[in-house]
Colleague: 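Below: one structure in structure tokens.
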Amino acid sequence: MGSGTSSFKFHGWFNPTLFKKNLTRFWPIWAVYTAVLAFLLPVELLLTLTSRSNLLVNVGNLEDVRNIVRVATAAMPTVGFLFGAMAAIALFSYLMNARSVQMLHALPIRREGLFLTNWLSGFAFFLAPNLALLLISALIEAGMGVLDPRGLVLWLVTATVCPMFFFCFTVCIAMFTGHVLALPVFYGILNVLVIGVCALMDFAGGLMLYNYNGNHLMDSDLARWCTPVYQLYHLLVSGRYDITAQAVTAVAGYCVVLGAAFTLIAVLVYQRRQLERAGDVITVGWVRPVFQYGLGVCVGLLFGLVLYTNFFYSFGCGAYIFLTALCAVIGAFAGRMLLKKTLRVFADGWKGCFALGVVMALALFGVRADFLGFQRWTPDPAQVVSVQIHGPHTLPDDDGKYLDQTFTDAADIRRIVALHKALNADMQTLRDLKEHSGDYERWDEEGEYQIMGTQYLRLSYTMADGSVVNRWYDPIPVYQETLEDPDTYAGMLNALLNDPRVMGQTYWRYLGEIDGSDVKPTGGWIFRAAPAEKYEEDVELGGSPAGATYTQSDDLTLTDQAARMLWQAFWEDLSAGRVHRYLLDDKARQENCYVSDINISLSWTVVDGSGERSTRSQDFTFTPEKSATSVMAALEELGLKDRLTQRGARAGR
Amino acid sequence: MIQVQNVVKRFDGFPALDGLSMTVPTGAIYGLVGPNGAGKSTVLRHITGVYQQDSGLILVDGEQAYENPAVKVKVTNIPDDLYYFVSASTRDMARFYQGFYPRFDRARYEKLKEIFHTVEERRPIRRLSKGMQKQAAFWLALCCRPEILVLDEPVDGLDPVMRRQVWSLLMSDVVQEGTTVLVSSHNLRELEDVCDHVGILSKGKVLVERTLSDLQENLVKMQVVFQTPELPELPKDMEVLNVSRVGRIHTLIVRGRADEVTNRLAVYQPILMDALPLTLEEIFIYELGGEDYGVRDVVL
């Protein structure tokens with residue numbers, strides 16, 4: 001009577017009938033997956049290796065093969081993102097329907113058995129096609145004599161762990177929901193939730209705190225780690241052309257560890273799942289309030305931002321806080337509607353929803369009032385290992401215009417912390433300029449000399465505990481009368497910029513990999529063209545002076561010797577403090593700086609790993625200043641001083 | 001034997017089962033009746049091991065039903081709302097069940113093909129009519145040779161001939177194999193013909209649970225013509241569930257055995273008195289009348 005072929009011995013933990021049924025029921029998923037990967041790898045290999053040019057020489061190109069395998073490997077996070085989710089949704093969709101739940105759970109098999117059978121089905125969906133495609137690809141490569149076993153193995157590992165990671169992730173989500181439409185929505189949202197919330201919080205921080213700029217949270221390691229596709233691409237290909245074994249190992253580690261964790265959570269939740277929850281958006285009791293209020297927070301941050309930036313920007317931070325709190329309340333009501341499956345949720349849900357709105361408003365007010373001391377914070381110099389300064393943009397507009405340096409000396413760190421404190425001391429002024437959009441620059445009555453401008457400054461501290469703390473000051477108002485006052489931030493910044501050691505590093509930064517020992521000037525030229533065409537019209541060139549020849553109508557080409565003299569003279573002036581940087585285009589700057597720039601071509605020797613020597617070259621540009629006496633003397637000696645275009649040429653201004 | 005002891009199950013605070021207790025003897029055909037929302041389907045889902053009770057015990061042959069494959073393998077279930085895989089035919093599902101139920105009987109499957117000849121074996125079940133889907137469900141369930149068959153509104157959608165055929169097959173299994181059948185239905189007339197035990201559910205509890213004969217013996221319909229046109233004052237300890245009057249004939253539904261009630265009413269020297277048995281439907285209506293669930297006259 002009983003069937004000899006029945007698999008009752010497997011009752012409880014695994015059922016081969018269900019496994020086979022899964023393979024036959026959901027064949028379109030693994031078939032399309034196989035087709036996609038087939039086009040990425042074996043078909044592409046075949047087409048490339050049998051192209052006309054390769055056939056002519058009857059041999060494949062190993063580099064072509066590596067490129068194809070590399071592209072196929074790099075595509076796996078995206079392919080896995082799609083197919084991992086599709087497989088999980090298909091295999092566990094029975095949990096989302098009361099009828100299918102009843103049918104499958106009345107069968108004589110434990111939940112763990114159903115789970116394991118479905119999980120292994122998903123694994124088979126990916127592993128079997130991967131192995132088959134690996135074999136076919138290897139045969140194609142071997143047939144063309146360009147077998148790349150390392151690349152294929154790396155592809156196989158990536159092609160297996162990536163879809164399985166997303167499969168496990170989706171299965172885990174499936175255990176928390178009982179709605180088949182909610183599952184893909186949750187999957188999509190949770191994949192970007194952390195980085196999205198970080199971006200919204202960065203926006204809120206930037207809006208309400210003066211020196212909170214940039215994507216502090218969004219660019220954090222946490223945000224990247226919690227955004228699987230981003231993290232997988234980061235581990236796999238970020239900053240590299242080739243896909244290394246280390247990169248694939250890192251990807252495998254990420255996928256296996258987190259995939260195992262998701263699977264474990266899924267099993268534990270499944271064991272306790274109330275099957276009557278099929279059809280509910282959230283099936284686990286304690287997750288329901290998390291979902292409701294979490295949705296409220298996300299809706300608040302997102303739609304608060306959307307409404308504020310599009311319609312209420314002119315109303316300031318108060319409007320943003322109000323809109324965010326209001327949207328959070330609406331979001332919490334929406335969450336409750338989804339949970340209760342009815343629109344009538346006001347009567348029994350208003351307290352919690354409005355409480356969320358109040359909490360959101362208070363939290364944002366707290367941020368605005370800087371309760372955590374973010375704006376006021378300055379480090380203890382003793383705890384700072386290094387500080388990197390980025391900005392400001394100074395004049396003249398030559399290779400020394402950007403300050404971008406890292407300071408490790410204790411005295412320098414103390415000096416920068418003092419500058420930081422001086423900025424914080426004027427926080428209200430800085431904040432007012434940012435929020436009320438006052439003048440960003442002012443000129444004197446004749447419109448000739450700048451008396452006020454704005455700068456920016458980014459400070460990045462590396463602390464003794466390894467943490468990195470960033471503060472971004474933008475805009476910083478700079479007034480002409482405060483530049484020489486050593487007690488003001490403008491005076492401190494001005495002094496820092498004009499410190500010969502700092503300035504030297506600023507110019508030198510543009511020379512990149514040059515170590516300074518082997519650099520030699522090899523000619524150059526003087527730009528006679530000024531930024532404004534007006535100046536050019538007033539310039540009339542005379543005869544060719546010593547050490548220079550005319551190239552175009554307004555350039556003078558320097559000889560090697562002239563370039564050497566000017567290069568040496570510039571560094572003499574810089575070391576002696578006779579070269580200046582200016583925060584404003586004020587009278588001092590205009591009277592001291594020429595319009596013309598001097599460009600010196602530098603060359604140096606590079607020795608590569610094999611001991612081979614080669615020559616590199618780069619241009620270096622500086623603006624001659626009247627205070628730079630050595631440069632002036634060199635130009636005088638070369639007969640070029642008169643050829644510099646002076647600011648005085650701006651007749652009529 | 002199925003024992004359900006004090007089972008409580010709440011859905012979002014609503015007590016779907018509120019201390020429900022019932023016993024289904026081995027080899028019995030147990031009819032579970034009750035108004036809509038009484039908890040019939042819910043208790044069946046507990047017995048099939050799908051739902052987990054909040055408290056109480058559900059034992060099948062002395063073992064917990066929930067998450068117990070050893071129990072589930074004995075039980076086959078036909079729910080009120082059938083589910084089969086998309087595009088799966090009866091034949092496919094037979095293969096599927098064969099992989100789960102060790103007693104699945106392939107030979108019986110072939111034999112039953114003659115009885116369920118109108119069901120196209122290779123056609124996807126979802127494309128069959130409702131009645132045919134039900135036939136397919138019975139076909140598959142009977143092939144599993146279950147020790148316990150749990151049926152929720154089983155013959156709903158079947159034509160009269162097929163109903164009789166299906167009940168005949170079930171009765172045959174009960175007699176020959178000792179199969180226990182637990183059936184929930186609103187078709188009381190039909191249950192009356194096949195059930196030997198009946199449980200009446202209301203608001204998540206079993207109100208009455210007896211053999212059908214006990215149930216019928218415990219309530220009696222008395223048609224009485226008293227000496228006076230009006231109904232005399234009856235003894236206070238006589239439990240009268242319903243009184244109606246047509247002309248001088250009073251119809252009383254009284255709890256108790258027919259002979260006892262007849263003797264007690266005889267003291268009024270009625271002109272005419274007759275004791276009639278109640279149908280299951282009448283029992284259901286009058287029992288639930290005490291639970292404030294009865295037919296109301298509403299003027300629209």
Side-chain angles (χ1 to χ4, degrees), chain A residues 1-22 24-28 90 93-114 117 270-280 283 285 288 339-342 348, chain B residues 9-12 16 41-42 44-54 65-88 92-109 137 140-141 143-146 150 152 177:
Chain A
M1 291 246 292
S3 167
T5 60
S6 69
S7 54
F8 62 91
K9 61 186 172 184
F10 295 107
H11 283 325
W13 301 99
F14 177 77
N15 187 283
T17 306
L18 179 61
F19 181 81
K20 280 185 273 183
K21 193 75 190 166
N22 284 336
T24 53
R25 280 179 74 200
F26 302 118
W27 68 266
S93 61
Y94 69 92
L95 289 170
M96 317 290 153
N97 178 301
R99 292 188 306 146
S100 51
V101 160
Q102 193 175 350
M103 186 271 212
L104 278 152
H105 276 264
L107 294 171
I109 181 170
R110 294 182 60 84
R111 289 183 183 208
E112 294 85 347
L114 279 174
T117 307
Y270 191 28
Q271 285 175 327
R272 291 160 181 76
R273 184 180 174 104
Q274 292 181 304
L275 297 175
E276 62 271 20
R277 290 283 184 195
D280 286 5
T283 57
R288 295 164 75 85
L339 289 175
K340 297 284 180 186
K341 293 188 266 190
T342 173
D348 64 338
Chain B
K9 179 70 179 180
R10 292 176 183 277
F11 295 141
D12 285 332
S41 296
T42 304
L44 294 186
R45 284 172 194 152
H46 279 82
I47 290 167
T48 52
V50 177
Y51 285 1
Q52 185 180 24
Q53 66 272 25
D54 297 339
Y66 180 69
E67 278 302 297
N68 188 347
V71 167
K72 288 182 177 183
V73 80
K74 299 176 186 173
V75 181
T76 303
N77 164 42
I78 298 181
D80 55 343
D81 208 357
L82 297 170
Y83 174 84
Y84 294 107
F85 300 130
V86 177
S87 77
D92 295 333
M93 290 310 297
R95 274 196 220 105
F96 182 74
Y97 284 125
Q98 195 171 352
F100 281 91
Y101 292 94
R103 278 159 56 95
F104 191 92
D105 191 339
R106 197 77 210 177
R108 194 176 210 206
Y109 176 84
L140 293 166
C143 291
C144 294
R145 291 222 176 259
V150 177
D152 195 356
E177 309 282 337

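Per chain, numbering begins at 1; letters A, B, ... match sequence-line order. All values below were derived from every heavy atom in this structure, side-chain atoms included, with hydrogens, water molecules and symmetry-related copies excluded.
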Colleague: Do you know which of Phe85(B), Tyr97(B), Phe11(B) has the most heavy-atom pairs under 4.5 Å to chain A?
Modeller: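 If we count pairs closer than 4.5 Å to chain A, Phe85(B) comes out on top.
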
Colleague: Under 4.5 Å from any heavy atom of chain A, what part of Tyr66(B) do you find: side chain, backbone, both or neither?
Modeller: side chain

Colleague: Between Asp80(B) and Arg99(A), does any side-chain N to carboxylate O distance fall below 4.0 Å?
Modeller: no

Colleague: Would you indicate whether the side-chain heavy atoms of Asp92(B) and Lys21(A) approach each other to under 4.5 Å?
Modeller: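 Yes. Closest side-chain heavy atoms under 4.5 Å.
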
Colleague: Any idea which heavy atoms bring Pro69(B) and Pro108(A) closest together, and the distance?
Modeller: O-CB, 3.7 Å

Colleague: Answer whether the closest heavy-atom distance between the side chains of Met93(B) and Met103(A) falls below 4.5 Å.
Modeller: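 Yes, at least one pair of side-chain atoms sits under 4.5 Å.
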
Colleague: Which atoms of Arg95(B) are under 4.5 Å from chain A, going by heavy atoms: the side chain, the backbone, both sets, or neither?
Modeller: backbone

Colleague: Given that the side chain runs from C-beta out, which part of Lys74(B) has a heavy atom under 4.5 Å from chain A: side chain, backbone, both or neither?
Modeller: neither

Colleague: Is Lys72(B) reaching over with its side chain to a backbone N or O of His105(A), donor-acceptor style, under 3.5 angstrom?
Modeller: yes

Colleague: So which atom in Glu67(B) and which in Arg110(A) form the shortest heavy-atom distance, rounded to 0.1 Å?
Modeller: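 So the two residues come closest at O-NH1, 3.5 Å.
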
Colleague: Relative to chain B, which segment of Leu18(A) carries a heavy atom at a distance below 4.5 Å: side chain, backbone, both, or neither?
Modeller: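 The answer is both parts of Leu18(A).
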
Colleague: Quick one: CZ on Phe96(B) to OG1 on Thr24(A), what's the gap to the nearest 0.5 Å?
Modeller: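 One finds 10.0 Å between CZ of Phe96(B) and OG1 of Thr24(A).
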
Colleague: Hey, is the main chain of Arg45(B) close enough, under 3.5 Å, to the side chain of Gln102(A) for a donor-acceptor pair?
Modeller: no

Colleague: Which bit of Asn77(B) comes within less than 4.5 Å of chain A, counting heavy atoms only: side chain, backbone, both or neither?
Modeller: side chain

Colleague: Under 4.5 Å, counting heavy-atom pairs only, tell me which of Ala98(A), Ser100(A), Gly285(A) racks up the most with chain B.
Modeller: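 With the most close heavy-atom pairs to chain B, the winner is Ser100(A).
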
Colleague: Between Gln274(A) and Gln52(B), is any pair of side-chain heavy atoms under 4.5 Å apart?
Modeller: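 SC-SC contact between Gln274(A) and Gln52(B) ruled out.
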
Colleague: If you tally heavy-atom pairs under 4.5 Å against chain A, which of Val150(B), Leu82(B), Thr76(B) wins?
Modeller: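 Greatest number of close heavy-atom pairs with chain A: Leu82(B).
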
Colleague: Tell me, out of Leu107(A), Leu104(A), Leu275(A), who's got the most heavy-atom pairs with chain B below 4.5 Å.
Modeller: Leu107(A)

Colleague: Can any side-chain N or O of Asn15(A) pair as donor or acceptor with the backbone N or O of Phe100(B) at less than 3.5 Å?
Modeller: no

